[in-house]
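Start at 1 with the first residue, then count along the sequence. When a ligand or atom number is given, it counts from 1 through the structure's own listing order. The basis for the numbers below is simple: all heavy atoms, side chains too, and nothing from hydrogens, waters or symmetry mates.
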Amino acid sequence: MKETFPLFPHQASTLAGRVDGLYFYLIAVSVFFTLLIAFSILYFAIKYRRRSESELPRGVEGSLKLEIAWSVIPLLIALSFFFWGASIFFAINRPPDDAIEISVVGKQWMWKFQHSDGQREINELHVPIGRPVRLTMASEDVIHSFFVPAFRIKRDVLPGRVATMWFEATRKGRYHLFCAEYCGTKHSGMIGWLEVMDPVDFQAWLAGGTGSESLASAGAKLFAQHACNTCHRPDSLARGPNLEGLFGTKVTLQDGRTVVADETYIRESIVMPNTKVVAGFQPIMPTFQGLISEEGLLQLVAYVKSLSKTAPVQPPVRSDLGAVNALTPGPPSQRERVQPSAVKE
Ligand code: CUA
């Protein structure tokens with residue numbers, strides 16, 4: 001029955017069953033009260049119908065017991081929605097630490113993926129079964145929304161921000177991947193497939209790709225190419241904060257605020273460096289808006305992240321400095337000439 005007349009997509013991720021459970025509970029509660037109210041209306045309309053022209057209804061004083069009951073019971077039911085929903089919300093928003101990293105860039109009208117070891121794909125994403133996968137997502141142009149119905153996951157991908165999402169596939173197969181936010185004339189064509197494979201097949205598939213470099217080492221290359229390391233360095237010549245061990249820590253800004261150095265913050269510090277200047281540094285970093293592609297930004301983010309792990313990927317600057325500030329470097333002088341054209345956009 002389920003196969004011939006599928007009302008629901010397959011449950012193909014660890015989250016799918018939990019999301020469906022809550023969904024069915026909401027439906028069950030709605031159906032129960034719809035029927036309860038409908039039948040009560042019918043029953044009371046018949047039982048207390050007016051039997052003669054002269055009949056007057058009896059005055060009703062109210063009942064404390066009844067009023068408490070119809071306040072407390074709905075409150076408890078509503079709270080059950082809240083706690084159940086919150087627990088799933090937390091599960092969806094807390095990727096496990098051992099998740100595989102994949103970067104996703106949405107653009108009119110395609111999804112571009114890059115695995116952490118560099119393998120690229122378009123409108124098709126291969127993942128292993130039984131391993132958590134974390135997606136770091138950005139948009140090159142407008143708002144898109146990454147949606148895999150079989151996994152019960154959907155997340156908007158906004159320009160200028162980095163969104164994250166995770167899943168763990170539990171069932172092999174090919175599943176639809178959609179853009180779920182109207183993004184222009186070919187929005188309906190912004191679709192693809194997510195293929196869940198055995199870990200062994202996945203490794204073979206990864207190995208069969210064109211040997212490109214990993215996200216983090218591509219980021220390290222960009223870092224050196226744009227001469228970021230001339231300012232972001234651990235020694236006394238540093239005009240920008242040292243980036244080692246930065247990711248995920250709290251950063252104090254010039255104006256006294258603190259922010260967490262997450263993906264969005266690091267991306268913002270590259271394209272709009274003067275929005276959040278780290279305490280103790282001058283706002284001298286030029287913007288890299290338009291100079292580095294969205295994919296390049298995600299590679300840089302992956303690189304900065306890799307500096308927080310025990311084995312950094314090709315660090316351009318050696319450091320054993322534990323104290324951490326954040327991004328907001330000074331400019332190499334040749335960068336300043338490029339700036340005006342870059343800012344226009
Ligand atoms: Cu992208 Cu709709």
Residue pair Arg257 / Lys276, side-chain heavy-atom distance below 4.5 Å: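 Yes; the side chains approach each other to less than 4.5 Å.
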Do the ring planes of Trp111 and Phe146 sit parallel (below 30°), tilted (30 to 60°) or perpendicular (above 60°)? perpendicular
Using 30° and 60° as the class limits, which term best fits the ring planes of Phe81 and Tyr25: parallel, tilted or perpendicular? perpendicular
Quick one: pull up CZ in Phe178 and NE2 in His187 and give me the separation to the nearest 0.5 Å.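 The NE2 atom of His187 is 9.5 Å from CZ of Phe178, to the nearest 0.5 Å.
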Rounded distance [0.5 Å steps], CZ in Arg174 versus CD in Glu124: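 Answer for the CZ-CD pair, Arg174 versus Glu124, is 4.5 Å.
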By atom name, which N, O or S atom belonging to Glu181 lies closest to atom 2 (Cu) of ligand 1?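 Closest N, O or S atom of Glu181 to atom 2 (Cu) of ligand 1: O.
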What N/O/S atom of His187 is the closest to atom 2 (Cu) of ligand 1? ND1
Within 2.8 Å of atom 2 (Cu) of ligand 1, is there any N, O or S atom belonging to His144? no
Contact check: Met190 to atom 1 (Cu) of ligand 1, N/O/S below 2.8 Å: yes
Measure from atom 1 (Cu) of ligand 1 to each N, O or S atom of Cys179 and report whether any distance is below 2.8 Å. yes
